[in-house]
A.B. asks: 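Quick one: structure below, then a few questions.
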Amino acid sequence: MKRYIAYVLQDEMFFGTMTVREVMYFTARIRLPESMKDEEKIGRADEIMTLLGIGKCCDSIVGTPFQRGISGGERKRLNIAVQLITWPSLILLDEPTSGLDSSTSLDLLLTLKELAKNGCTVITTIHQPSSAVFNLFDNLLVLADGHTFYYGNAEGVVERFNERGFLCPRTYNPGDFVLELAKSKAVTDAMFTANNATGGVIDPSVHARKPGQMDHTMTKKASLGSITEKTLSKGEEMKEVSISTDSADLQTDWNDSFASSWTTQFKALLTRAFIVKKHSAFDNVDMFQVVVIALIVGLVWFRQGNSEDAIQDRFGLVFFIGVFWAFFPMFQSIMTFPTERAILLRERAQGAYRLSAYYTSKVVAEIPLNVINPSLFILICYYMAGVNDDPRVFFSFWFTLILNVETSAALGMLISASQTNIKKALVAASILILFSMLIAGFYVNSDNIPTWLRWIEWLSYLKYTFGSLATQVFNPDLEFSCGSPSQYSVCQDGNNGPITGTDVLEVQGVANLPLVYPVVLMGIYAFARISTYFVLFYRYKPKVQ
């Protein structure tokens, strides 16, 4: 039934960085049956855009609070267009003219009128329609306090109330006249008392139609393989658009719970996820921030020497890089699901796609895009700071940093899915990061933590990031000259060093487990990704199944 009944919400819910064309093509690929070729789906989307008069703005973005997009009237038309992709038999609209001026409202209602004439039953709620809009209605239902105040032909409403003794001034808008009557307690009390049996004014000329009594033109156009639609816009001539629909084939192909296969859904959702994510991945402000911080880091730790005095500075640099690239991706991921929740619930309620296809595509799209900013950061500051000039260390350091970024993003996404309140999600993320920082082994040496509490350090995912980065930088090939005095045994009792990276790790209390740390990080990453899916499955169930 979801494919034959369309419900157009009052509020438009789209990804603002997508263009009108991208929104329509995505919807066509997801919601049209698998038997249709991709070219046919794209053609259907183009025809719907032409039908609703949004073809001229198809390459404009929908718009965000920070980016100007299409107009309010065009957003309303797009909201209807995505529901018309499947060519439903019944369209329900919740106040489609809200927020629009009278001229735009009239244009929109003219389009809906033409849809009603050509095979679709259109039912809409509306408040305070202009006289021009009111004259477009065929049948009218007016409610007062949840009861039927009037039901019948729209053109006969004034006459029916005149018969009841409520006269409408000649130049008065019939819509305003009826609404004022419905708001009047004295009038409603009198009407419901006088018409207790019917509950209001019922036009006797309105009868329920039997299937065989339906309009011949309507049934013919609704069932044939080619439907000719006419759109009449203000100041434009009437134009025809042919929309290919074979209702018999559609019914056969839509016996499954989803119109498209998992693979088709994944491809379409992957394209959309990449379009949405790339705007944040290539955001000028974020990239500027990354470049500036990388330059500052490179200058503060510029070409550190290999003396004993530089050991602690190098440890601080490694820890800072690990912590910074835990904060940055995690707090970006926190905003993922609260901003997409309404769209996800609506599309799942419509039976558009499987949750597994949505989540998998989102993860796959974000993995390569999460690499861009940390790679830019490392390229700038790594050799400026002189972390370790061995090329093998550079690539292993870069890999571990990317793994840390992906793990932090996965944990941020888990928090985002678990808590829809952004403020609470930010608090949870802050607690997790600060807890991980304190027990990661930099601020407090593990040997100095009380024995009965020492196990808690293994709960910090930053411990594994810091441990992995430290064991790569401070490898046995890295040597430091002795200081005076020195805390290293190789520099005491007449010995003159050198201090190796292994000696540094031992004194700093960092376990030399270069293979274990990344494996544990991968395990945490997998746990976070799997847990997020199950949280989404149980917390983001649509109300209408």
Side-chain angles (χ1 to χ4, degrees), residues 13-26 29 57-70 266-298 321-341 343-344 358-384 394-395 397-413 415-416 422 425-426 429 525 529 532:
M13 292 178 291
F14 302 106
F15 289 102
T17 54
M18 295 181 69
T19 65
V20 172
R21 189 192 302 276
E22 289 168 344
V23 171
M24 290 298 295
Y25 285 3
F26 165 79
R29 291 188 173 106
C57 63
C58 62
D59 293 318
S60 301
I61 64 169
V62 176
T64 68
F66 307 103
Q67 291 178 289
R68 184 177 180 181
I70 57 179
F266 173 77
K267 290 179 181 178
L269 288 162
L270 180 63
T271 302
R272 185 178 75 171
F274 186 82
I275 291 172
V276 173
K277 178 65 178 178
K278 73 178 182 180
H279 288 277
S280 59
F282 295 101
D283 182 74
N284 293 333
V285 175
D286 286 344
M287 297 189 78
F288 177 76
Q289 176 185 359
V290 168
V291 170
V292 169
I293 294 178
L295 290 173
I296 293 174
V297 169
I321 292 175
V323 170
F324 177 74
W325 285 109
F327 267 104
F328 197 85
M330 180 175 289
F331 280 88
Q332 282 191 325
S333 297
I334 288 295
M335 306 300 295
T336 300
F337 293 115
T339 56
E340 296 185 15
R341 185 173 187 272
I343 297 176
L344 176 59
Y358 164 81
Y359 182 63
T360 305
S361 66
K362 190 166 190 63
V363 172
V364 172
E366 293 191 356
I367 286 176
L369 293 174
N370 285 338
V371 174
I372 297 171
N373 284 333
S375 299
L376 179 63
F377 179 90
I378 285 299
L379 287 172
I380 294 174
C381 74
Y382 185 88
Y383 285 106
M384 282 185 66
F394 169 80
F395 284 106
F397 191 94
W398 173 80
F399 172 78
T400 303
L401 186 64
I402 297 303
L403 183 57
N404 176 55
V405 169
E406 297 292 351
T407 303
S408 299
L411 290 171
M413 194 174 287
I415 295 173
S416 176
I422 295 178
L426 290 173
Y525 172 81
R529 290 300 190 192
T532 301

A.B. asks: Under the side chain to side chain donor-acceptor pair (under 3.5 Å) test, which residues partner T400, sequence neighbours left out?
C.D. replies: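 By the side chain to side chain donor-acceptor pair (under 3.5 Å) rule, T400 matches S468, Q472.
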A.B. asks: Hey, is the main chain of M413 close enough, under 3.5 Å, to the side chain of S333 for a donor-acceptor pair?
C.D. replies: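 No, S333 side chain to M413 backbone: no donor-acceptor pair under 3.5 Å.
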A.B. asks: Can you tell if the side chain of L376 reaches within under 4.5 Å of the side chain of I372, non-hydrogen atoms only?
C.D. replies: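 Side-chain contact under 4.5 Å: no.
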A.B. asks: Name all residues meeting the ring-ring contact (aromatic ring centres under 6.0 Å, His included) criterion together with W398; count only those two or more places apart in sequence or in a different chain, and write none if there are none.
C.D. replies: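 So W398 forms no ring-ring contact (aromatic ring centres under 6.0 Å, His included) with any residue.
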A.B. asks: For residues 267-279, which residue pairs qualify under salt bridge (charged side-chain N to carboxylate O under 4.0 Å, His left out), counting only residues two or more places apart or in two chains?
C.D. replies: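 Only R272-E347 qualify under salt bridge (charged side-chain N to carboxylate O under 4.0 Å, His left out).
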A.B. asks: Taking side-chain contact (heavy atoms from CB on, under 4.5 Å) as the definition, give me every residue that meets it alongside A410, ordered by chain and number, with sequence neighbours left out.
C.D. replies: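 In terms of side-chain contact (heavy atoms from CB on, under 4.5 Å), with neighbours along the sequence ignored, A410 is linked to Y525, A528, R529.
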A.B. asks: Output all residues satisfying ring-ring contact (aromatic ring centres under 6.0 Å, His included) with F327, sequence neighbours left out; order by chain, then residue number.
C.D. replies: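 Testing F327 for ring-ring contact (aromatic ring centres under 6.0 Å, His included), a comparison that skips the adjacent residues, returns F331.
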A.B. asks: Take a 6.0 Å sphere around CZ of F395 and say whether it holds more than 12 heavy atoms from other residues, nucleotides or ligands.
C.D. replies: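 Counting other residues, nucleotides and ligands, CZ of F395 stays at 12 neighbours or fewer.
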A.B. asks: Give me the atom names and distance for the closest heavy-atom approach of I70 to S60.
C.D. replies: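 Of all heavy-atom pairs spanning I70 and S60, the closest is CG2-CB, 3.8 Å.
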A.B. asks: For T19, is there any backbone N or O sitting under 3.5 Å from a side-chain donor or acceptor partner on E22?
C.D. replies: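 Present.
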A.B. asks: Working to the nearest 0.5 Å, report the span between CG of N370 and CH2 of W325.
C.D. replies: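 So the gap between those two atoms works out to 9.5 Å.
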A.B. asks: How far does CD of Q332 sit from OG of S416, to the nearest 0.5 angstrom?
C.D. replies: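 That separation rounds to 12.5 Å.
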A.B. asks: Using 0.5 Å steps for rounding, measure from the CD1 atom of I334 to the OG1 atom of T339.
C.D. replies: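 Between atom CD1 of I334 and atom OG1 of T339 there are 11.5 Å.
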A.B. asks: Of all heavy-atom pairs between I415 and A429, which one has the smallest distance, and what is that distance?
C.D. replies: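 Residues I415 and A429, closest heavy atoms: CD1-CA, 3.8 Å.
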A.B. asks: Identify the heavy atoms of V290 and N373 that sit nearest to each other, and give their distance.
C.D. replies: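 What the structure gives for the nearest pair is CG1-O, 3.6 Å.
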A.B. asks: Which heavy atom in A273 sits nearest to a heavy atom in S361, and how many Å separate them?
C.D. replies: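 So the two residues come closest at CB-O, 4.1 Å.
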A.B. asks: Please name all residues satisfying side chain to side chain donor-acceptor pair (under 3.5 Å) with D59, sequence neighbours left out, ordered by chain then number.
C.D. replies: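 Testing D59 for side chain to side chain donor-acceptor pair (under 3.5 Å), a comparison that skips the adjacent residues, returns R21.
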A.B. asks: Rounded at 0.5 Å granularity, tell me how far CG in L401 sits from CD in E406.
C.D. replies: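 Between L401 CG and E406 CD, I get 10.5 Å after rounding to 0.5 Å.
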A.B. asks: Give every residue pair that meets the salt bridge (charged side-chain N to carboxylate O under 4.0 Å, His left out) criterion with at least one member in residues 366-379, sequence neighbours excluded.
C.D. replies: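 Listed by first then second residue: K362-E366.
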A.B. asks: Going by heavy atoms in the side chains, are F337 and T532 under 4.5 Å from each other?
C.D. replies: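 Yes, side chains in contact.
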A.B. asks: Say you draw a straight line from CD1 of I378 to OH of Y383; how long is it, rounded to the nearest 0.5 Å?
C.D. replies: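 Interatomic distance, I378 CD1 to Y383 OH, rounded to 0.5 Å: 10.5 Å.
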A.B. asks: Where is the tightest heavy-atom contact between I321 and F377, given as atom of each residue plus distance?
C.D. replies: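 Nearest pair, atom of I321 first, then F377: CG1-CE2, 4.0 Å.
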A.B. asks: My understanding is that only residues two or more places apart in sequence, or in another chain, count here; which of them pass side-chain contact (heavy atoms from CB on, under 4.5 Å) with P368?
C.D. replies: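 side-chain contact (heavy atoms from CB on, under 4.5 Å) check on P368 returns nothing, list empty.
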A.B. asks: Do H279 and F15 touch side chain to side chain, with heavy atoms closer than 4.5 Å?
C.D. replies: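 They are not in side-chain contact.
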A.B. asks: Please verify the inter-ring angle class for Y382 with F394; under 30° counts as parallel, over 60° as perpendicular, anything in between as tilted.
C.D. replies: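 Rings of Y382 and F394: perpendicular, over 60°.
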A.B. asks: Sequence neighbours left out, what pairs pass salt bridge (charged side-chain N to carboxylate O under 4.0 Å, His left out) with at least one residue falling in residues 279-292?
C.D. replies: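 The answer is none; no pair qualifies.
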A.B. asks: I'd like to check the ring-ring contact (aromatic ring centres under 6.0 Å, His included) partners of Y25; sequence neighbours left out, ordered by chain and number.
C.D. replies: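 For Y25 there are no ring-ring contact (aromatic ring centres under 6.0 Å, His included) partners, ignoring immediate neighbours.
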A.B. asks: Which pair of non-hydrogen atoms, one from C381 and one from G298, has the smallest distance, and what is that distance?
C.D. replies: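 Result for this residue pair: CB-N, 4.1 Å.
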A.B. asks: Within a 6.0 Å radius of atom CZ on F274, are there more than 12 heavy atoms belonging to other residues, nucleotides or ligands?
C.D. replies: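 Not buried by this count: 12 neighbours or fewer within 6.0 Å.
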A.B. asks: If you define the side chain from C-beta out and look only at heavy atoms, does anything of I402 sit under 4.5 Å from S375?
C.D. replies: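 Side chain of I402 against side chain of S375, heavy atoms only: contact under 4.5 Å found.
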A.B. asks: Taking everything shown except M335 itself, do over 12 heavy atoms lie less than 6.0 Å from its CE?
C.D. replies: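 No, CE of M335 has 12 or fewer neighbouring heavy atoms, counting only those of other groups under 6.0 Å.
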A.B. asks: Going from CZ on F328 to CD on Q289, what distance comes out if it is rounded to the nearest 0.5 angstrom?
C.D. replies: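 One gets 4.5 Å once the value is rounded to the nearest 0.5 Å.
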A.B. asks: Restricting to ring-ring contact (aromatic ring centres under 6.0 Å, His included), what partner residues turn up for F282, sequence neighbours left out?
C.D. replies: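 None.
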A.B. asks: With sequence neighbours excluded, tell me which residues meet side chain to side chain donor-acceptor pair (under 3.5 Å) with N404.
C.D. replies: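 Listed in chain order: T465.
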